[in-house]
Structure formats: C-alpha cells, structure tokens
Amino acid sequence: MRGGFSRDMDLAAFLRLLAAGWTLIRADALIPRELDDVLPPGVRTVARGLRLFSGRQARQGRPGERLARTLERLGPVAIKLGQVLSTRADIFGTVFASDLARLKDALPPFPLDQAKAEVERELGKPLADIFPVFGEAVGAASLAQAHRATMADGREVAVKILRPGIERRVAQDSATLLMAGGLIEALIPPARRLEPLAFAATVIRSLQLELDMRFEAAGAAELTEVMTRDGWMRAPQVVWDGVAKRVLTLEWVGGLPLSDPATLEVPGLDRKAIADNLIRAFLAQALDHGVFHADLHEGNLFVTPPSGIVAVDFGIVGRLAPETRRYLAEILYGFLTRDYPRVARAHFDAGYVPAHHDPDAFAQALRAVGEPVFGRAASELSMSRLLSLLFEITALFDMRLRPELVLLQKTMVTVEGVARRLWPDHDLWAAADPVVRRWIARELSPAARLKDFADEALRALRAIAGMAEAGAVSTVVVESARPSPGFAWFAAGAAVAGAAFLLARLLS
Ligand SMILES: Nc1ncnc2c1ncn2[C@@H]1O[C@H](COP(=O)(O)OP(=O)(O)O)[C@@H](O)[C@H]1O
Ligand SMILES: [Mg+2]
C-alpha cells in the first residue's frame, strides 16, 4: 500500500517536473542559447534540438530575465529557487544573478471572505472580537497577503495571512525540485560540484520556515529590538495576540511607501539623510549585532518626513557569526590599506580557501580586485561591488563561500541601490564611515585580539574537559586527558602568560 502510494507521488512529481521543463524550454531558459559556445558538442546539439520548441517569449531579454519570468509563472517553490540562485553571483556571474534578483513575487489576492475565515480559525475567536474593522488586501505575493485592520482596543495593524492550501502546493513542488536535484546530480557529473540535491534541500528548508508566521514574528521582534538600539531605522511592534502559525499581526506602519515614486517628491523629505540612515542601519545590524533584515527593497520600506525610515517583512533574516564579522573587518581593512597579503591571510585563516593554494598568488588576485576600485572617487566606491568582485576572483581559488556572506552581499546590493535611487550622488562610503570605523576599531583592536585569544584558550580547555566527560574511548586517553586540578592551574597560568605576551607584542 505504502509503496504504491509513494510511487504515485513520484509519478506526480515526475509529471510536474516534465511540465516545468517544458515551460523552461518554451522560454529558452533551460539551456539558453547564450551558453552554446561553452557547451560540449553533444550537449549543444541536444540544446539546439530543444530550442526548436521554444516560443515567442524565448526571444525577449537576457537568459536571467527569461528565467526570472518563467520562474514567476511556475509558482512559490520556483520563485524561491530563483531568489536563492540570484544570490550566487559567484557561480553564475553578476549579470545573470542581478537579472534573477529582479524576479517579482506578486499575485492577485485571494478573496476577503476567505482571509477573514482563515484569521478566525487560526486565532480561534470571532473576527469582530479581534478585528472589528478588517479591510481588503493591501499586498499579495505567492506565499501570503497582507490586510489592514483595527483591533478592539483601537490599534491599527497589518495582518499577514498565508495563502490557503499553500503548504500542500509547496510540498508538491518541493518533491519535484528534489527530484530535479537528484536527477541533475545523477546524470550531469560536472554539476555535482554545485551539489544540486543539497541546494534543493536548502531552498526547501528556507521556504518551510517562511511558512510559519510565528517564526517571522520572532524575526520581527528580534530586529525591532536591534534597530531600537541604534535608532537609524524602525520596525513595527509584533502584536502577539494576533500571531498563529498562519497569521502574523504587526502594528500598522503609517509612513509613505518607498515603492511609490510620488513619495520621493513629498516636500520636507530629506532624501540624503534617509539614504544615510538606511546604509547605517543595515551595516550596524550586520556588523555590530550580527543579525540583519535581508530583504530591504523599496516594497518593504516606508519613510516619514523628514528622515525616518521603517522596514516591514521579516521573512528573511540574515545572521553573521562573530568569526565572519571578524573576517569581513580583516578584508575591508586590508583593502582600505591596500595590504593584500593581509587580506589573503584572512581568507586562509578562516579556512575559506583550501590550504594547498599559494597565498602569494591569492594576494596577487586580490590586488587585481582592489587596485582598480581604489583609483575611483569615493562616491563610486561600493562595498557590495568590492565583495562581488572578490567572490568572482576567489572562485578561481576554490573559495568556499558561506551562504550568510552571500546573503549579506546580496542585501548590500539592494540597500545601495535603494540609497542611490533616493539620492543619486549618494556617497556610500561617507555614510558608512562612522559605523565601519567603529566596527573595524573594535574588531581589530588589541583588546579584541586578546579576547579572541582568551576565547581560543577557553575553547581548548573546554574541549579537553569534554573529552574527559565523554569517557572511555580508551583508558589511556581518559587517563591522560582528564584535567587534574594541577593541570587546570597550569593551563590557566599558560593562558595568562600567553595573553600578557600577546598584549606586549601588540602594544609595542
Ligand atoms: N506593518 C505594516 N504596516 C503597513 N503596511 C504593511 C505592514 N506589513 C506589511 N505591509 C504591506 O503589505 C505588503 C506585503 O507585506 P510583506 O510583509 O512585505 O509580505 P511579502 O512577504 O508578501 O512581501 C507590504 O509590501 C506592505 O505594503
Ligand atoms: Mg515584502
């Protein structure tokens, strides 16, 4: 019985895969003609054969644009796939990635009655008890839509509701995507390096999290807290009484939508100050707090004159571990001081570049990235551009990119784009200066290095203690690894002596 059921499911997934493949072929987005020159002869012949079936839409736009259009039509999982692919400029090149990044996620809303019923069921109360006023949808995407409402106590709120049946749709399409990943991995050996199956699993994982509004509520609450510390950006408070698995309620943001071009013409708006605030808010979140709003496009931003900026939509939260923030500080500082060997060392130390590569050759490649950038005026300097050039050249050295770093770079591109549209001559560097300066000073100060050293020593001690706790691997190991009081004192003494030595070196 079970076997039969799963075979049926697989058949359904296979049929959906064929349908999706057909749609991609029609748009010449599967093996685009632009790739012909680099394809092996056999594949090229197959690709040319498939292209006989392509339709009118195949003739419009670059491959990334054609793919984006097709994925929009294929539904939520395909849209998410496109969004994740767009973060891989290091693999697909910057043009393709930025074309994909423009993929739009907008759909007609589902009916108001259905939305109301959904809220009642999820929150377990009659709608009138919670939201006496409940309006039409104000925005609708592939996973959810938002409504404006008023609560019984008069608070104005935005209520975000998952699309009915979306979980089932995502589950079906996920099976198809996994099948595609598995087939690519099995049938196309050169693609194995990109780990298509693991990639599909990542896409599906991030979608699953977006399908739980409680998770998004937690992201909103965390970011609101972080933003309050710096004051450069605001976010709406979560209304926890209105949160359930499929419903999220946030305080209504009363600002002017940045997605509306008319907003930029509103008198009394200090566009340059808003651009500054946006850049600083983002950098402080990522570099100081290690957690950032990773979807800062105009559709999620509102402004209040003269220079206030408010963000909504906490579906994607980026995180940077302390080591990653340190690495970023190292490379940025290295580039600023044109100390390419130092930047190279940071890559090897972080384990991003495999040790068998030559650090000197790597430093030379970094010089190729850095020197042209530093011939430019400060206003042309862009951190996201620097990072994207860096990712391009480091691919030559088998650099393993951490996904969180790629998400950071992608968000930087978005943020810098919004800032430039707000104020075309915006000097990103000047805006970023206070945040970056204080962060580099903190990360690379002797005190920070000392703390690093202490952390390292503590980690080592903890590892030794853990080994002892883990017990009998063999008696000999346990005997020698169990820290006796004498050993602990010895280790502590060594750590202090080492720290003092390091401090003396750094201060001399
Ligand atoms: N707290 C809020 N206040 C005002 N409008 C909001 C609020 N939250 C969402 N919206 C509106 O609803 C739209 C969709 O919500 P969003 O959270 O961005 O969902 P999606 O993930 O579908 O983009 C937003 O672009 C914005 O116009
Ligand atoms: Mg949004």
Side-chain angles (χ1 to χ4, degrees), residues 71-72 75-87 100-107 109-110 115 118 122 137-147 157-163 166-167 169-170 173-174 202-227 233-240 242-253 257-259 281-282 285-286 291-302 310-320 403-404 406-408 410-415 418:
L71 295 177
E72 275 166 24
V77 172
I79 288 172
K80 191 74 206 171
L81 175 69
Q83 288 166 347
V84 178
L85 287 175
S86 78
T87 64
L100 258 188
R102 261 177 253 135
L103 184 149
K104 278 189 292 297
D105 185 9
L107 281 181
F110 56 88
E118 202 65 50
E122 282 290 300
V138 293
S142 59
L143 295 181
Q145 70 187 31
H147 294 254
V157 292
V159 184
K160 195 166 162 179
I161 309 160
L162 287 183
R163 277 187 182 274
I166 189 70
E167 289 91 344
R169 173 81 200 271
V170 168
D173 289 359
S174 297
T202 311
V203 170
I204 292 165
R205 179 79 196 128
S206 74
L207 257 178
Q208 279 169 346
L209 290 178
E210 280 188 60
L211 287 181
D212 193 328
M213 287 295 166
R214 295 168 300 188
F215 192 74
E216 182 165 335
E222 185 178 2
L223 280 169
T224 307
E225 215 179 289
V226 159
M227 289 178 196
M233 180 184 270
R234 284 193 308 114
Q237 292 289 337
V238 177
V239 179
W240 287 103
V243 176
K245 188 162 189 302
R246 314 191 79 251
V247 176
L248 168 66
T249 307
L250 298 174
E251 161 204 2
W252 182 260
V253 166
L258 209 49
S259 55
F282 165 67
Q285 287 166 33
V291 49
F292 58 96
H293 189 306
D295 204 8
L296 286 169
H297 60 76
E298 272 109 339
N300 290 334
L301 292 169
F302 294 79
V310 195
V312 299
D313 194 350
F314 305 88
I316 313 176
V317 174
R319 290 183 193 280
L320 290 183
E404 78 244 32
V406 181
L407 186 62
L408 177 86
K410 189 201 152 207
T411 313
M412 252 180 209
V413 174
T414 310
V415 167
V418 174

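The shortest distance between side-chain heavy atoms of Leu162 and Met213 falls below 4.5 Å. Within the 4.5 Å cutoff, side-chain heavy atoms of Asp313 are placed close to those of Lys160. For the pair Leu407 and Ile316, the minimum side-chain heavy-atom distance is below 4.5 Å. Side-chain contact between Leu103 and Ser86 is absent, with no heavy-atom pair separated by less than 4.5 Å. Taking 4.5 Å as the limit, every side-chain heavy atom of Val418 sits out of range of all side-chain heavy atoms of Leu296. Under the 4.5 Å side-chain criterion, counting only non-hydrogen atoms from C-beta, Met227 is in contact with Met233. Contact of the Lys80 side chain with the Val170 side chain is not registered, since no non-hydrogen atoms from C-beta on lie closer than 4.5 Å. Under the 4.5 Å side-chain criterion, counting only non-hydrogen atoms from C-beta, Leu143 is not in contact with Ile79.
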Could you walk me through whether Leu207 and Val77 pass the side chain to side chain contact (heavy atoms under 4.5 Å, CB included) check? CA-CA 8 Å; Leu207 257 178; Val77 172; 3.7 Å; yes
Decide yes or no on ring-ring contact (aromatic ring centres under 6.0 Å, His included) for His293 and Phe282, but give the supporting numbers first. CA-CA 7 Å; His293 189 306; Phe282 165 67; 9.6 Å; no
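When all heavy atoms are compared, the tightest approach of Ala218 to Trp240 is N-CH2, 3.9 Å. Here the closest non-hydrogen pair linking Ala217 and Val243 is CB-CG1, 3.9 Å. Contact between Glu210 and Gly315 at its shortest, heavy atoms only, is CG-O, 3.8 Å. Ala244 approaches Glu122 most closely through the heavy-atom pair CB-OE1, 3.5 Å. Considering every non-hydrogen atom in both Gly75 and Arg169, the closest pair reads CA-NH2, 3.9 Å. Closest heavy-atom contact between Phe314 and Ala220: CD1-CB, 3.4 Å.
Leu107 CG to Glu72 CD: the interatomic distance, rounded to the nearest 0.5 Å, is 9.5 Å. Between the CD atom of Gln285 and the CG atom of Leu408 there is a distance of 11.0 Å, given to the nearest 0.5 Å. Atom CD1 of Ile204 and atom CG of Leu211 lie 11.5 Å apart (nearest 0.5 Å). With rounding to the nearest 0.5 Å, the separation of NE2 in His147 from CD in Glu118 is 10.0 Å. With values rounded to the nearest 0.5 angstrom, Ile161 atom CD1 is found 8.5 Å from Thr249 atom OG1. The structure places CG of Leu248 at 12.0 Å from CZ of Arg214, a figure rounded to the nearest 0.5 Å.
At least one donor-acceptor pair closer than 3.5 Å links the side chain of Asn300 to the backbone N or O of Asp295. Side chain of Gln145 to main chain of Phe110: a donor-acceptor pair is present (N/O by atom type, distance under 3.5 Å, no hydrogens or angles).
Annotation for Lys104: atom NZ does not count as buried by contact number, only 12 or fewer foreign heavy atoms lying within 6.0 Å. Applying the 6.0 Å contact sphere to CZ of Arg246 captures more than 12 heavy atoms from other residues, nucleotides or ligands.
The side chain to side chain contact (heavy atoms under 4.5 Å, CB included) test with Leu100 singles out one residue from Val84, Leu81, Leu85, and that residue is Leu85.
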